[in-house]
Each structure stands twice: as structure tokens, then as C-alpha cells.
Amino acid sequence: MPLGLILGLGRAMRRKRTSSLSILSSKRGPRDYYKGKNCKSTGFHTRKGGYVIVDEKLPRYIVPDLTDFKLKPYVSQCARDATTSTTDTANASK
């Protein structure tokens, strides 16, 4: 009796793990199903096929003042050779 109960619990746990595979996606849905990218809409569609952008729905970004910031806003993809000081190499060898 206890063995059957344990096996039943094990089967139930396996079912719960595989149930996440049945989440509806654009590949599992109908041909014209479009799930989207979890973005909020910025407006609405009109009856004649147009799209009206609502100003209140547009994202507003608050950027801090970076006048005295030491780092530069751009990181180059061309890496330069870094020169290490003797104290850095001495600490690394210990």
C-alpha cells in the first residue's frame, strides 16, 4: 500500500514537470497566431487599417546628469593591448 502511494506521487510530479512544455507559443498555436514579445502597445488600430500612437503610452526614460562621470559612454569593439603595472604582476604571482 505505501509503495503504491509513493509511485502515484512520483507520477504526479512527473506530470507537473512536463505540463510546462504544453505552454501555447507561436509554434504550437494556429497558423495565424502571433504571441508577441511581451511588449506593451503604444497605441491602437483604427477601423480603416491605420494605427494611432497615444503619447501617454510611450515609454519615458529618466537619464541622470553625466557631466562629471569618468567613464565614457561607448565601448570600442577593437580591443587594445592592456599594459599591466609591476605591482599587478607581483600580486598575481603570489
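Because only heavy atoms are used, hydrogens play no part in the values below, and waters and symmetry mates are left out as well, while side chains stay in.
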*asked:* Does Arg60 have more than 12 heavy atoms from other residues, nucleotides or ligands lying within 6.0 Å of its CZ?
replied: yes
*Taking every non-hydrogen atom, the tightest pair across Gly43 and Lys57*: O-NZ, 3.9 Å
*Under 4.5 Å between side-chain heavy atoms, hopping through other hydrophobics if needed: is there a path connecting Val52 to Leu58?*
no
*Partner residues of Asp65 under the salt bridge (Lys or Arg N to Asp or Glu O under 4.0 Å) criterion, sequence neighbours left out*: none
